[in-house]
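Encoded as structure tokens, the structure appears first; notes follow it.
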Amino acid sequence: MRTAIVERPLDAAGLLREVSRDANGAALVFVGTVRDVNDGRAVTGIEYSAYQAMAERELAAIVGEAAGRFGTDDIVVEHRIGTLGLGEASVVIAVGHPRRGAAYEASRYVIEQLKQRVPIWKREHYADGTREWVHAGNGAAVDPVGAGETVREVSR
Amino acid sequence: MRTAIVERPLDAAGLLREVSRDANGAALVFVGTVRDVNDGRAVTGIEYSAYQAMAERELAAIVGEAAGRFGTDDIVVEHRIGTLGLGEASVVIAVGHPRRGAAYEASRYVIEQLKQRVPIWKREHYADGTREWVHAGNGAAVDPVGAGETVREVSR
Amino acid sequence: MTLRVLLFASYADVLGAPEIALEVPERATVQDVIASLLARPGGDRLPPRPLVAVNQAYASPATPVMPGDEVAVIPPVAGG
Amino acid sequence: MTLRVLLFASYADVLGAPEIALEVPERATVQDVIASLLARPGGDRLPPRPLVAVNQAYASPATPVMPGDEVAVIPPVAGG
């Protein structure tokens with residue numbers, strides 16, 4: 001198991017190698033990337049920030065839970081922060097497992113929990129020059145009244 | 001969409017690139033590999049063979065179904081045949097999608113259908129020098145009585 | 001009539017060849033192909049109702065076969 | 001007593017700083033921290049019950065806070 005919050009480009013192929021062992025019959029790599037359109041608006045990039053110390057703890061906790069629940073220690077997760085361009089990977093989750101069913105379930109568990117619990121935020125930059133904090137819709141948002149920047153709820 | 005039955009090593013990173021587009025927020029790569037132990041026996045390699053023309057048709061049909069059902073054309077699948085060593089990839093399924101939920105579902109659909117329908121067979125080679133056809137347990141097997149080689153039902 | 005029948009994997013092993021010429025009645029069906037196969041040396045080691053594909057598509061026992069059709073007997077698949 | 005409170009993302013924007021020193025009663029709880037924050041300039045733009053972490057773990061409103069604790073107010077997360 002390994003988790004990290006990093007400020008460099010992610011290497012999905014490297015993470016795949018990290019979870020590949022002769023005892024595993026299946027490996028699954030999830031890559032989350034910056035989309036060019038969100039909620040109908042043209043996106044040019046996303047700025048990710050984190051409460052880094054807590055994000056690292058929470059991410060490690062999630063991966064530990066997935067390892068226990070789904071029976072594999074071959075789980076590696078990296079989340080990138082900083083400013084990312086279109087198509088760049090923000091998160092890579094690699095899972096190796098003797099059996100494919102558990103690999104899918106572990107991978108899904110990690111991404112869903114990550115999106116609910118890990119203190120990372122993103123601000124989308126739009127083609128019209130504006131930028132907005134994006135909230136996932138699972139909690140309270142800043143009241144946008146009077147704000148120069150607004151907050152929207154979205155899902156991916 | 002692209003599917004192929006090939007006799008060369010598979011390139012998971014290449015397939016990931018193939019399904020990555022700026023409109024997609026998620027990419028998922030499944031890699032099936034040769035395990036070192038199956039049903040308690042030490043495996044040294046697997047020989048895959050196919051009814052190639054039909055396997056290509058069936059694989060293309062499955063990917064077409066997945067594209068329609070889950071709403072993405074960014075699905076690429078390669079299955080390798082020939083003799084593979086431990087840890088080598090026998091199948092890679094790459095799916096790109098605007099949303100992660102559909103990416104997981106499409107990937108899972110393709111591997112489950114592939115395992116049920118695509119006419120590909122494998123013979124495991126064991127550390128003790130023997131080799132056996134492996135059947136997935138979803139159909140009728142050769143009657144092993146009197147056989148120099150036997151057939152077992154397994155699942156991965 | 002004579003049909004060309006493709007065999008794969010364990011079925012090719014037990015029948016001793018990857019392809020055989022099979023004599024079947026005129027207006028034969030997949031079921032006739034299976035009956036003819038089971039009667040051959042080694043055919044007793046096939047399952048009673050093996051899967052058959054005609055022209056690269058899975059076929060039912062009632063599917064008619066004609067000379068020139070590509071008929072294949074499909075062992076339980078194990079890809080992935 | 002004085003607490004150091006970390007703010008992130010949109011919350012840092014509306015309160016004008018990534019970190020503030022907050023005056024709270026002795027034996028304060030997370031709820032007291034929130035009340036004190038809401039009373040600050042810009043605090044009216046926070047939700048009434050924002051999530052709070054104490055020492056890098058999510059905390060309930062009743063969780064006590066002490067000087068030296070790392071207290072952070074957590075906007076709705078959006079990782080992935």
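A note on names: the letters A, B, ... follow the listed sequences, proteins ahead of strands, and every chain is numbered from 1. Basis for what follows: all heavy atoms, side chains included, without hydrogens, waters or symmetry-related copies.
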**Request:** Check the surroundings of atom CD in C:Glu19: do more than 12 heavy atoms from other residues, nucleotides or ligands lie under 6.0 Å from it?
**Result:** yes
**Prompt:** Which atom pair, heavy atoms only, marks the closest approach of B:Pro119 to C:Val77?
**Reply:** CA-CG1, 3.6 Å
**Prompt:** Counting N and O atoms only, with roles assigned by atom type, does the side chain of B:Trp121 sit under 3.5 Å from a partner on the main chain of C:Phe8, one being a donor and the other an acceptor?
**Reply:** no
**Prompt:** Closest heavy-atom contact between B:Ser90 and C:Gly80?
**Reply:** OG-O, 3.1 Å
**Item:** Sorted by number, residues from residues 49-82 of chain B in contact with chain C (heavy atoms, under 4.5 Å)
**Value:** B:Ala50, B:Tyr51, B:Ala53, B:Met54, B:Arg57, B:Glu58, B:His79
**Request:** Can you tell which part of C:Leu6 gets under 4.5 Å to a heavy atom of chain B, answering side chain, backbone, both or neither?
**Result:** side chain
**Request:** Identify the residues of residues 21-30 of chain C whose heavy atoms come closer than 4.5 Å to a heavy atom of chain B, ordered by number, or report 'none'.
**Result:** none
